[in-house]
Amino acid sequence: MADAQEFGWLPSQIKEAGGVLTGGDIGSTVRQQLLACEENPVERESGIVCTFVVFGASGDLAKKKIYPVLWKLYDHGLLAECAAIVGYARSAMTQEQLVGNIRPYIKVAPEKEEKLQKFFSKCLYFSGKYDKEDSFTGLHTYLSKLETDLKHQAIRRMFYLALPPSVFEDVTLHIRKQCWSSGINRVIIEKPFGRDSATSEVLSKHLTGLYDEKDMYRIDHYLGKEMVQNLMVVRFANRILSPLWNRDNIACVQITFKEDFGTGGRGGYFDTFGIVRDILQNHLMQVLTIIAMEKPCSTDADDIRDEKVKVMKSIPPIELEECVLGQYVANPVEGNPDSAQGYLQDPTVPDDSKTATFATCVLHVNNERWKGVPFIMRAGKALDERKAEVRIQFKEVPTNIFEGDTIRRNELVVRIQPNEAIWLNVVNKKPGMKFGVTETFLDLSYGDRFEDAQMPEAYERLILDAIQGDQLNFVRSDELREAWRIFTPMLHELDAGKGTLHNYKYGSRGPAESDKMIADLGYVRSTHQPASHSPMPPKM
């Protein structure tokens, strides 16, 4: 049982709930709040009426992510009974075959099985080509009849593009020309949004020639993660941090993404993009902008995105000399067959590939708040652990009056995944007779503090946002343009074979050169953290 006040409910809500809200009550209240903004009051009670079209319905993204998320929205009562889900792909499939592809990725308790079957009855399928006008004309006719049969009083069509870039232009053109309804229409677009500034600009011009910005939802699933969204609250709702959040007090900022597995026979796609395009240019760049931006005048989507763009405009292109790149090699570990295969041993990867599976890059925000503070992005595959986190390290105290003791730096850590948490490393007196000091921490681990909280998956949150027309957590075209401006020169140098690619062992921290560069920038590494995120720290 969780105290309702922990979740920010108003006193009147707490009173109505009898003073305490259970996890189920919280979910119900969240649903009411989410639907309160809907124009049609009927939808607040019965869920959102829409037609959701999944392009690429036969692919991995659709069956592993999109359909399971749509099931959760339906299960939570956020999609109406008359909502329709239509899969579209080139494959000749029946509805039964589509459901058969999806079913292994949706796990439910036995008592939910009947409701799941009702959900599957809504998962329809339409086969067509991606480059043929006739296919999309047929799709529009099919959707119109479906909406009439289901008695949709207001038309709301969602088009989700879970597609490879090669068919992007054809599909977006035909959606606009053949499938655009007279009601609400929104297009959800998956990355990659190009390979560099030039290719991204071609795609952006194509899309803006077809759609208004308000109709486009470029999805970066990191913006849907609970702790990424919490970064803005931590920054702007805590007075204690405001005077410290600048170059006078902060020594450096490190944003880390680590995976403890390699490509595992699925390196073909990854090899065409690499770790910089796959992780740094989008996910970690979005996190950086939230950390570094000025306070927006409201939580309106454009007010926040305006501030993010201002930050990016203050960042010069990354210098290759301020990057460390790596590629993992085999390091067999008993019980982990993946570790016996280096990146180049992946059969889907070319034998002579120079694609980086690890990168550390330094960015500089040249404005009054951040001038001189290094922002370090670090990401890699086949490393020693799986985690994503932000470390904001403060400067040392000017003088140390505790002779014989080292005063370590304060550090604010936001663990994005797994085991979401925020903790602050602080210096404390060692218990006992002597006046010694030790490093400890103030810990807010979500699993302990909010044990009844149900945090939605990133895709669940973002797809619901798109259905409701909230663009706050989606990437605007000028954000995309600035992000590519920062990374493109360095990426072109890598594509031309410049830069050193360091080997690192599977299961390691990455190339030693990365740790050295980070230390040279003034970052002081600390392994002291809450027991829930590391082995138990030594007793004081």
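All values below were derived from every heavy atom in this structure, side-chain atoms included, with hydrogens, water molecules and symmetry-related copies excluded. From a predicted model like this one, the values you see are computed outputs, not experimental measurements.
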Using 4.0 Å as the upper bound for N to carboxylate O, is an ion pair formed by [Y] and [X]?
{"X": "Lys191", "Y": "Asp278", "result": "yes"}
{"X": "Glu294", "Y": "Lys310", "result": "no"}
{"X": "Arg218", "Y": "Glu213", "result": "yes"}
{"X": "Arg415", "Y": "Glu389", "result": "yes"}
{"X": "Arg485", "Y": "Glu482", "result": "yes"}
{"X": "Asp302", "Y": "Arg476", "result": "yes"}

Legend entry - Aromatic ring pairing His221/His283, orientation class (parallel under 30°, perpendicular over 60°, tilted between):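 The rings of His221 and His283 stand perpendicular, inter-plane angle above 60°.
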Inset, instruction - Measure the acute angle between the ring planes of Phe375 and Trp370, then classify it against the limits of 30° and 60° as parallel, tilted or perpendicular. - result: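 Answer is perpendicular, since the angle exceeds 60°.
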Legend entry - Set of ring pair (Phe, Tyr, Trp, His ring centres under 6.0 Å) partners for Tyr523, sequence neighbours left out: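 Per chain and number, Tyr523 pairs via ring pair (Phe, Tyr, Trp, His ring centres under 6.0 Å) with no residue.
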Legend entry - Set of ring pair (Phe, Tyr, Trp, His ring centres under 6.0 Å) partners for Phe236, sequence neighbours left out: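 Ring pair (Phe, Tyr, Trp, His ring centres under 6.0 Å) list for Phe236, sorted by chain: empty.
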Legend entry - Student check: side-chain heavy atoms of Glu169 and Pro165 closer than 4.5 Å: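 Not touching, per the 4.5 Å side-chain cut-off.
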Inset, instruction - Decide whether a cation-pi geometry holds between Lys72 and Tyr459; the criteria are a distance under 6.0 Å from NZ or CZ to the six-membered ring centre and an angle within 45° of the ring axis. - result: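 Judged by the rule, Lys72 and Tyr459 form no cation-pi pair.
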Got a donor-acceptor contact below 3.5 angstrom from the [X] side chain to the [Y] backbone?
{"X": "Thr355", "Y": "Asp271", "answer": "yes"}
{"X": "Asp338", "Y": "Gly262", "answer": "yes"}
{"X": "Thr348", "Y": "Gly267", "answer": "yes"}
{"X": "Asn410", "Y": "Asn425", "answer": "yes"}
{"X": "Arg305", "Y": "Phe474", "answer": "yes"}

Legend entry - Over 12 foreign heavy atoms within 6.0 Å of CD, Glu321: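 Counting neighbours around CD of Glu321, more than 12 heavy atoms of other residues, nucleotides or ligands fall under 6.0 Å, so yes.
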Inset, instruction - Please check if atom NZ in Lys395 has more than 12 non-hydrogen atoms from other residues, nucleotides or ligands closer than 6.0 Å. - result: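 Yes - once you tally the heavy atoms of other residues, nucleotides and ligands closer than 6.0 Å, there are more than 12.
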Legend entry - Residue among Lys225, Glu226, Lys387 satisfying side chain to side chain contact (heavy atoms under 4.5 Å, CB included) with Gln417: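 One option only clears the test, and that one is Lys225.
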Inset, instruction - Can you spot which of Glu322, Gln281, Met490 makes a side chain to side chain contact (heavy atoms under 4.5 Å, CB included) with Cys361? - result: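 It is Met490; the other options fail the test.
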Inset, instruction - Examine Phe358 together with Tyr504 and report whether their ring centres are nearer than 6.0 Å. - result: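 Phe358 vs Tyr504: aromatic centres under 6.0 Å.
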Legend entry - side-chain contact (heavy atoms from CB on, under 4.5 Å) between Leu363 and Met285, worked out: CA-CA 10 Å; Leu363 291 83; Met285 191 70 212; 4.0 Å; yes
Legend entry - Full working for salt bridge (Lys or Arg N to Asp or Glu O under 4.0 Å) between Asp495 and Arg277: CA-CA 12 Å; Asp495 293 343; Arg277 288 183 172 97; 2.9 Å; yes
